[in-house]
Amino acid sequence: MLGFALRRVTVGLATLVAVTLLMFLSVSALPGDQCSASLGRTATEGALARCRQEISGQGNIAVRYVRWTASAMTGDLGTSHVRKEPVAAALAPRLFNTFVLASVAAGIAFPLAIVLGVLAALRRDQAVDIGLPTLTLIGMTVPEFVSATMLVLVFSIWLGWLPGISMIPPDAPISRILPVIATPALALAFISMAHTMRMVRSCTIDVLESCYVHMARLRGVPERLVVWRHVLPNAMLPAIGIIALQFATLLAGVVVIKVVFNYPGLGRLTMDAISNRDLPLVLGIAATLAAIYVAVTLVADLLMFALNPRLRTVRS
Amino acid sequence: MSAACALSVSSLSVRLSRPDGEPRFILRDIGFALDRGETLGIVGESGCGKSTLLAAMLGSIGKGLQIGTGSIRLDGREIVGIDRQQLEHLRGRQIALVPQNAAQTLTPSLTIGRHFEEQLALKTDLPAAARRERAAELVATMRLPDPAAVLARYPHQLSGGQQQRIGIALALAGQPSVLLLDEPTTALDVTTKLAILDLLREIGAQEKLAMIYVSHDIGVIACMSDRIGVVYAGELVEEAQALVLLNSPRHPYAAGLLASVPRMEAQTMPEALPGTPPGPRPASAYCAFSPRCARATGLCRTQWPAQTQLTPEHRLACHHPLEPFGLRPDRPASIATIRQTANGAIQAPDIPLITVESLEIAYRKRSLADFTRGRTPQATVSDVSFTVAPGEVLGLIGESGSGKSTILRSIAGLLAPRHGEMRFAGQVLADNVACRSPDQRGRIQMIYQNPDDSLNPRQSVRQIIQRPLIWFRGLKGAELDAEVKALVDTVRLPARHAERRPGELSGGEKQRVAIARALAARPSLLLCDEITSALDVSVQAAILGLLDELRRETNVAMLFVSHDMAVIRHIADRIVILQAGRICEAGATGTIMAHPSHPYSASLIAAACGYDAYFR
């Protein structure tokens with residue numbers, strides 16, 4: 001177990017280094033440079049030259065990457081040119097908001113996806129199993145900005161039950177976040193549930209058709225116990241990986257939805273950073289998102305390892 | 001049939017549940033009765049309905065099938081048509097199944113102890129504390145060492161033999177009166193198999209179980225059964241006491257099946273049974289076996305043979321049965337026998353075709369960790385040397401994991417040995433097949449165990465055979481067509497099969513295609529990896545006969561890998577016995593069979609001879 005965990009952590013760190021290095025290189029390779037980007041089109045030649053001088057004084061790209069990495073490890077991701085504040089300070093409250101939103105969406109999506117996925121598998125080829133996938137197919141294929149807009153239209157404008165956009169500052173306390181979170185969380189949950197449910201269904205069907213489930217029935221184990229004891233534990237193992245990936249997507253991806261709802265999370269910050277050419281901020285966000293992906297998959301791998309006796313125990 | 005019977009089945013039919021058209025039957029008019037303490041063996045080729053019969057007795061015939069007529073009574077109680085709850089109650093308590101492949105039938109997320117706990121809680125009245133004890137007791141009955149440790153393990157932590165024992169113990173947990181055994185030893189090694197069979201016989205007698213033992217392995221059926229039923233195309237064509245049926249079968253199918261079994265003591269080649277069983281058929285008005293039967297007459301093709309009672313214990317459905325003890329036709333002597341009587345003991349020839357010297361093979365390469373700790377990964381095969389002469393068949397025998405197939409893979413150039421040298425026709429053979437000359441590649445050809453995996457399902461037989469002809473011999477046009485035709489003919493397939501795809505052929509036909517493909521390159525050495533193990537005995541006999549003829553016609557040498565001593569005995573001039581990757585004995589077939597000098601070879605031979613005792 002320890003060896004496996006160590007190997008996994010090492011691979012995770014290596015991934016992180018590779019991603020940040022790639023980001024660092026591509027940011028450097030962009031047409032125009034940090035200086036022209038941050039100083040804007042009206043910058044004088046003199047100002048640009050001063051700025052460039054300052055940067056080249058920091059050494060070549062390798063030295064700058066090592067420095068950046070070293071300070072990133074202490075929590076210092078540099079300073080945003082546009083916002084004139086440390087990148088970490090801009091990130092922290094939005095990261096927290098995103099985490100709250102993703103957790104609420106996950107809390108709705110995953111339990112529902114598991115229950116419905118298993119149900120569809122158990123009632124295979126019956127009405128439930130034909131209806132649900134059709135519904136989820138819609139969830140997966142309709143572009144997210146459409147489904148998000150539809151939700152706003154239905155719940156906020158027609159019904160007036162929920163606020164349409166989030167009019168809160170990034171550093172609002174959680175008590176102010178929760179009331180406005182419902183619509184974006186629902187939109188996110190809908191998409192995430194669609195993917196997860198389909199995977200849970202197919203994992204469950206695989207297990208239902210396995211020899212050991214058939215044999216449990218032939219031993220005279222009642223159907224209820226067959227499902228709870230023999231099917232679910234084995235079907236949920238591969239589902240953990242899928243759920244983890246979906247959760248990472250909820251945290252790091254789906255930028256558009258967060259923009260539609262004007263939610264003060266990482267998504268909107270990313271859009272702002274990119275359109276302002278705020279390169280230190282872009283770099284900081286990319287590193288954070290990569291770290292989230294790596295961390296979530298790491299946790300999922302360790303969880304799967306701990307729950308799967310085939311991996312946990314050595315063959316004797 | 002008395003109510004005292006543990007199990008009685010009468011006029012049972014199972015058919016495909018199609019709403020329209022003529023009903024097609026998987027099982028038709030099956031009837032038998034079984035008392036406690038009795039074992040009925042059921043034999044037949046694959047596809048004859050053996051598994052469906054077992055499934056019907058468990059009330060689980062699967063989707064798409066339905067019970068047409070008939071009744072199945074367990075201790076006098078009808079089980080056809082009862083609801084799911086009642087079935088769940090019966091299963092494991094009155095009737096239990098020992099499955100074929102125990103490894104796949106144990107739930108991977110539960111420990112062995114949890115399996116027993118579940119079964120004992122559901123099927124017995126024991127209190128929780130007593131259940132643990134009872135589980136340990138059941139495991140101990142299976143002669144597994146340290147029951148407590150076994151119960152704490154997960155299924156994947158046990159060996160195949162141990163898993164099979166657990167499968168049996170689980171079936172016995174609810175103290176059923178009827179035990180169904182579905183080929184429970186097929187996946188096991190000879191020695192493990194014998195131990196399990198002994199155990200089953202002992203437990204059957206002790207618990208007075210009524211057992212139904214289904215297998216296509218007639219040897220196993222012979223040692224297990226009091227009575228034997230022969231199933232063909234879903235019908236019970238003959239049923240008699242075991243010794244009567246084994247020595248004096250009256251139905252031509254039963255006789256053909258028995259003649260195709262390779263035997264240790266017989267001086268004759270096993271005899272093939274031509275043709276294949278039909279699929280689900282309508283309730284037709286003719287004998288299902290007549291298309292394959294040498295004795296069939298017009299009567300057989302127009303009238304369905306009803307079952308007749310020869311003696312109170314011998315039932316038969318045939319218009320033209322064999323005479324009692326009619327099964328002694330003059331069969332051709334097996335090749336090994338002919339050669340040995342002609343030349344005395346066969347000497348290792350002077351000019352070998354292939355020489356293998358001190359071969360050592362490991363699947364795992366030395367890793368960095370191995371280097372730093374100064375260790376070498378375990379070799380799968382070590383210090384193996386042998387030669388094969390032109391036209392000679394060398395048998396490689398051993399249990400699974402003894403390294404037989406590994407050696408073949410190395411000779412084929414698919415797995416580089418760690419040490420050792422291979423010489424082919426006087427030249428050094430490169431480790432990697434890509435480094436060998438086209439001539440060497442063509443002259444060494446491999447045939448795999450399972451033709452389903454080794455033939456491309458999307459190509460026709462013609463395309464499959466053409467490939468090596470074009471590649472190795474540069475044939476084209478009319479010449480190519482003629483050669484394909486000749487090869488199809490060589491492996492005794494009808495010419496029209498050339499246009500078929502593997503999916504349209506039977507298992508035996510597919511293996512013939514694989515052989516034709518190997519022959520296309522005009523090989524001097526055929527590497528045969530368990531090429532008959534996936535086939536029915538009747539088909540196995542035909543393939544063995546074919547290989548023997550091919551050898552005489554083309555003087556091709558063979559390295560024939562098998563775990564079955566009786567098969568090897570009929571085909572090989574010399575044998576090499578492997579144990580845990582090392583040669584434990586090598587020599588002429590006849591000599592080793594008569595005087596094995598290593599205890600391991602002796603036990604392998606004894607295990608294979610075990611069955612012969614029943615054919616007397």
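Scope of the values below: all heavy atoms of this structure, side chains included, with no hydrogens, waters or symmetry mates. What you are looking at is a predicted structure, and each value in this text was computed from that prediction instead of being measured. Chain letters run A, B, ... following the sequence lines, proteins first and then strands; every chain starts at 1.
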**Message:** Could you go through Leu225(A) and Leu122(B), starting from their C-alpha distance and side-chain angles, then the distance that decides it, and tell me whether this counts as side chain to side chain contact (heavy atoms under 4.5 Å, CB included)?
**Reply:** CA-CA 10 Å; Leu225(A) 277 181; Leu122(B) 287 169; 4.0 Å; yes
**Prompt:** Any chance CG of Asp125(B) has more than 12 other-residue heavy atoms, nucleotides or ligands included, within less than 6.0 Å?
**Reply:** no
**Message:** Using heavy-atom distances under 4.5 Å, tell me whether Arg93(B) contacts chain A through its side chain, its backbone, both, or neither.
**Reply:** neither
**Asked** For Leu237(A), is it the side chain, the backbone, both or neither that has a heavy atom under 4.5 Å from a heavy atom of chain B?
**Response** neither
**Pair Gln104(B), His214(A): side-chain N/O donor-acceptor within cut-off below 3.5 Å** = no
**OH (Tyr65(A)) with more than 12 external heavy atoms under 6.0 Å** = yes
**Message:** I'd like to know whether Leu110(B) forms a side chain to side chain contact (heavy atoms under 4.5 Å, CB included) with His230(A), so could you lay out the CA-CA distance, the side-chain angles of the two residues, the decisive distance to 0.1 Å, and finally the verdict.
**Reply:** CA-CA 8 Å; Leu110(B) 300 179; His230(A) 297 266; 3.7 Å; yes
**Segment of Ser60(B) engaging chain A (4.5 angstrom heavy-atom cut-off)** = side chain
**Prompt:** CG/Leu58(B) to CZ/Arg219(A) distance, rounded to the nearest 0.5 angstrom?
**Reply:** 12.5 Å
**Request:** Pick whichever of Ala102(B), Pro176(B), Pro108(B), Ala55(B) has the most heavy-atom pairs under 4.5 Å with chain A.
**Result:** Pro108(B)
**Request:** Heavy-atom distances under 4.5 Å only: say whether His115(B) touches chain A with side chain, backbone, both or neither.
**Result:** side chain
**Asked** Below 4.5 Å, heavy atoms only, C-beta onward: do Val221(A) and Glu88(B) meet side chain to side chain?
**Response** no
**Asked** If you measure from CG on Leu97(B) to CE on Met215(A), what distance do you get to the nearest 0.5 Å?
**Response** 4.5 Å
**Request:** Mark yes when over 12 heavy atoms from residues, nucleotides or ligands other than Arg132(B) sit less than 6.0 Å from its CZ; otherwise mark no.
**Result:** no
**Message:** Is there a side-chain contact between Tyr212(A) and Thr107(B) in this structure, where contact means two heavy atoms from C-beta onward sitting under 4.5 Å apart?
**Reply:** yes
**Portion of Glu118(B) that has a non-hydrogen atom of chain A nearer than 4.5 angstrom** = both
**Prompt:** Pick from Pro233(A), Ser210(A), Pro222(A), Ala216(A): which one has the most heavy-atom pairs with chain B under 4.5 Å?
**Reply:** Pro222(A)
